[in-house]
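Below: the structure, in structure tokens.
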Amino acid sequence: MTGRFQFLPCFALAIAVSWLVVVVWPHLQLGGLEPVAIEETGVTYPPIRSGEALVGAEMYRSLGCQYCHTRQVRSGTMGADIARGWGKRRTVARDYIRDRPVMLGSIRFGPDLANLGCRETNATVLLLRLYKPSAMAPLSPMPSYRHLFDVRPVPAGGSESRNLVVLRTDSSLDPGFEVIPSAEARALVAYLLSLKADELFFEVYPRENLQTTNFLRAAQPQPNDLGEVKAFVPSWALCRAALKGAISSPNGEMRAGSVAEKFEGKSLEARADLQFPRRLSNILLECKSRTLVTN
Amino acid sequence: MSMETNNGKHDKGHEARNHEVPCKGSACVGFGYVSQFAVAFLMVAVATCWLVVSVFMLALASIKLVAPDLFGASCFLSYGRLQPAGLNALVFGFCVPVGHAVVVRRLFVCAGVHLPRKDVMLAAWAVWNVGLLIGTIGILRGDGTGIEWLELPWYACRMLIVSVIIFTVWVLRTVWRDRDDQKDIRDWCYVGVLMFPWIYGLALFGSVYAPVRGVLAEITQAWFVQMLLVVWGGLLGLGVLHGYSASARAQTVVSDPVARFAVFTLVLFGGVGALQRLQGGPFPAWMIAVGNASAVLCLLPFFGVLACFRSAFEKQRGHEKPVGLRSLLVGALLFYGLALVLAAVSCFPSVARVVQFTMYRQATDMSLLVGFLVPSLIFAIQAIMPLPVGQGWPEHGLQRALFLMVVGGALIVAGLAIGGVVQGVAWNDPAVPVADVVRRTWKWLGITAAGWVLFFCGAVWFEINVCILIARGFRLVLWPEVRAWFETDVAEKEAGA
């Protein structure tokens, strides 16, 4: 092989290496993620979205919302996302396993939406934001999505439509007219309300809860809160090992999970402890919040 | 006259290539020379129209960020549709066709290889353009995939991928016959450009056709963008610029260890550096660490490139050259370096904390796209288009157009980079309300919009130059050649039958 073609295999190899490292290897690590059962709440996370919310996801994609809003919360050390109230914890890969396509977004011209459903529970407010963003934030760069709404005359008799949600938000609107959100607008809002990434499971121990075991000691004097913890006393050593692994690893949450997986082949008693780190996380969070309240 | 290379060998072909004239084969005589050019010419002529259309959409999208209700509440003209439509039109309508036209011209015309069945190649590119048109309209209608830089709907992607595969297989099949043992760095770059179907195909497969689960699609998308801008665009742009510097000093560009090192480390680290784009996202720490390391190591090939260009510029002293174009060349190189430096700087945790999820990332991408790649391709066009029509450019008009585009590009990158830092600082202060964040970013968005408007003016001016060139040369040169080309193809078929 002479001339230009002597470089073809080299280019092919270089591109293959980057493909393997960047795409295939992560796929081996993250491709097998499955929904996780949260024992305390009895739900499977991430939940399956309703049909209306799935239609709304299509609207979200179609309108290009992801070009101005992200859906990923950084940890406290990497930014002020949690301090701004955009989430209780950083988002992890498992949060998105039901999303196709996943629309994480890369720029924030507006607030992060990963937990919009937790922050805002009022559909009317979101509809108003879609209809006339400047009414709620005067300098907002968000465009109006009026094409998702029907402006129609108030029906004869003066009674308002049954589906009326947005009423005379536009000062330029004639008194005899009303604004009705279309099915697409309702679906989009249903999707926005379904955006919740606040469930706690073993991958997402808030790092501050893992920094020191002193916190556990501080929680000890509260017998009511620790009643459930005492039930796990036999596996306390296992728990500490898992937590230590998590603390020493730059990717602590993943390590904690892998520590738990190591006990797959153990005895029944040990297997019963497999759920331990996950449950402990929730208990610790609960203890901490109560401790803070007490303090 | 032969020319001595660095290896001490005499190579007659190099001289001809550097003067951009055919040197051997049937292309040297008769209509073949111009008809070989005609393929590249037609591809470029359509691409320049896409340049104007795409930049118009991007300028409009940028204005919409400052004045969101400027053209009413039309869903077709919302930022979320205009921006991806414009970006895809710019990449797939202008950059990719012109890139491949450069390869065609370089590998066939300059090397003197006869290009068989040009109609197949032109048909492939016609399908490409039709697919892109359908796809762009699809994005504006809301059929985009939602995956950044890969928004073209699947029904349009099929046409694009089939077209580019036919084209590339045809090129490779033809080039395979050329046994010219050359080691010009441009040829490495251009062979690298032919990797596009593989890159695009893998990205489409992993994110659109059979999308991988969850965030893995985001990883595939990051890989594609990085390969497109840093590696594919880098190879193409550097090849073009290197070619220009070689032509200006009428000497061959012979590979040396530095150039070899630069090209291959660029491909390797440039690709893996995609993981750096995932900073701050829901990804394991090792990915970000590997991405950051690669992004920093990407500076090494750039230093190698700079060394090559420095030597080229030193040898240029005493040669007559257009000052404006040379400034543009230096400017394009600076934009490429700036993009790599911006990416490397954002690897540091303290910087990353500020610039993640801000316009800063767009600044890096736009520095590569409108600061480096588009001007580089304009270089290529200014060499490709005049030859088949037998007319020179309206020189001042062209340089003004290029000047406007460079100034526009600088404003775009500056607005996005500085605005990104301002935006990041504001987002990271929980005491700053969202409205204040928007207010602080406002003027930088305005500067970016002004940059896009200037860039659009430059693109229009450039298109006017292209039209003047075509109008001047069409009746005199091109039309008889095109007729001769078709007639000869028919005659060849009849003879074969």
Side-chain angles (χ1 to χ4, degrees), chain A residues 2-5 7-8 10-11 14-15 17-19 21-23 26-27 29-31 33 61-68 70 72 74 78-80 83-84 90-93 95-97 99-104 106-111 137 139-147 250-251 254, chain B residues 64-65 68-69 73 75 78-81 83-84 142 145-148 175 179-182 187-188 191-192 195 198 202 206 211-220 223 264 267-268 271-272 274-275 280-285 287 353 356-359 361-362 427-430 434-435 438-439:
Chain A
T2 60
R4 306 164 183 117
F5 280 95
F7 303 110
L8 260 181
C10 302
F11 280 126
I15 292 175
V17 166
S18 73
W19 170 257
V21 173
V22 175
V23 180
H27 193 275
Q29 182 176 355
L30 301 175
L33 287 178
R61 174 194 57 74
S62 164
L63 294 171
C65 304
Q66 72 273 21
Y67 296 103
C68 296
T70 58
Q72 39 189 338
R74 294 176 293 174
M78 286 306 293
R84 277 194 172 272
R90 61 166 291 202
T91 48
V92 294
D95 292 322
Y96 306 94
I97 57 175
D99 290 356
R100 282 193 187 187
V102 60
M103 292 171 282
L104 297 182
S106 57
I107 297 183
R108 288 172 177 162
F109 288 119
L139 265 180
S140 172
M142 182 171 162
S144 166
Y145 291 99
R146 293 185 190 192
H147 59 275
N251 185 22
M254 302 300 291
Chain B
K64 291 283 280 184
L65 273 180
D69 292 324
C75 57
S78 66
Y79 176 80
R81 291 186 184 176
Q83 206 269 348
T145 60
I147 300 162
E148 289 180 58
V175 175
R179 294 291 176 186
D180 183 16
D181 186 17
Q182 54 192 325
D187 296 311
W188 304 1
V191 170
M195 294 286 170
W198 187 9
L202 282 175
V212 286
R213 296 178 73 209
V215 295
L216 291 168
E218 199 77 7
I219 296 172
T220 311
W223 179 80
F264 289 112
V267 176
L268 186 63
V272 180
L275 291 170
F283 304 96
M287 288 189 200
R353 193 175 189 279
Q356 278 168 8
F357 306 141
T358 67
M359 300 187 289
R361 168 56 66 189
Q362 260 195 349
W427 279 131
N428 273 345
D429 184 357
V434 174
V438 173
R439 193 173 294 117

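Letters go in sequence order (proteins before strands), and every chain restarts at 1.
- By number of non-hydrogen pairs under 4.5 angstrom with chain B, the leading residue of A/G64, A/C68, A/S140, A/C65 is A/G64.
- Nearest heavy atoms, B/G142 versus A/R61: O-NH1, 3.4 Å.
- Between chain A and the residues B/V434, B/L268, B/N428, the most heavy-atom pairs under 4.5 angstrom are made by B/N428.
- Within the 4.5 angstrom heavy-atom criterion, atoms from both the backbone and the side chain of A/P111 approach chain B.
- A donor and an acceptor atom, one from each side chain of A/S62 and B/R81, are located under 3.5 Å apart.
- The CZ atom of A/R84 sits 7.0 Å away from atom CG of B/D429, with the distance rounded to the nearest 0.5 Å.
- For a residue to count as touching a neighbouring chain, one of its non-hydrogen atoms must lie under 4.5 Å from one of that chain's; by this rule B/V438 touches chain A with the side chain only.
- When heavy atoms are compared at a cutoff of 4.5 Å, B/T358 approaches chain A solely by way of its backbone atoms N, CA, C and O.
- Here A/R100 is the residue among A/M103, A/R100, A/M142 with the most heavy-atom pairs under 4.5 Å with chain B.
- Comparing B/K64, B/R361, B/E148 by heavy-atom pairs within less than 4.5 Å of chain A, the highest count is held by B/E148.
- Comparing A/Y145, A/W19, A/Y96 by heavy-atom pairs within less than 4.5 Å of chain B, the highest count is held by A/W19.
- Here CD1 of A/I107 is found 8.0 Å from CE of B/M359. Values are rounded to the nearest 0.5 Å.
- The line from CD1 of A/I15 to CG of B/L202 is 9.0 Å long, rounded to the nearest 0.5 Å.
- Ranked by heavy-atom pairs under 4.5 Å with chain A, the list B/P84, B/A217, B/P211 is led by B/P84.
- Heavy atoms closer than 4.5 Å to chain A are found in the side chain of B/Q83, but not in its backbone.
- Only the side chain of B/D69 comes within less than 4.5 Å of a heavy atom in chain A; its backbone stays farther off.
- If you tally non-hydrogen atom pairs under 4.5 Å between each of B/R353, B/R439, B/Q362, B/M287 and chain A, the highest count goes to B/R353.
- The most heavy-atom pairs under 4.5 Å with chain A, out of B/V212, B/L216, B/T145, B/I147, come from B/L216.
- Among all heavy-atom pairs drawn from B/P68 and A/P141, the shortest one is CB-O, 3.3 Å.
- The shortest heavy-atom contact between B/P284 and A/Q29 is CG-NE2, 3.4 Å.
- Of all non-hydrogen atoms in B/V272 and A/V22, the two that sit nearest each other are CA-CG2, 3.7 Å.
- Looking only at heavy-atom pairs under 4.5 Å with chain A, the residue among B/G280, B/G281, B/G80 that has the most is B/G80.
- Note: B/E218 CD to A/Q72 CD = 6.5 Å, rounded to the nearest 0.5 Å.
- Taking OG1 of A/T70 as the reference point, atom CH2 of B/W427 lies at 8.5 Å (rounded to 0.5 Å).
- Going from atom CG of A/L63 over to atom OH of B/Y79 covers 14.5 Å, rounded to the nearest 0.5 Å.
- No side-chain heavy atom of B/V215 sits less than 4.5 Å from a side-chain heavy atom of A/P26.
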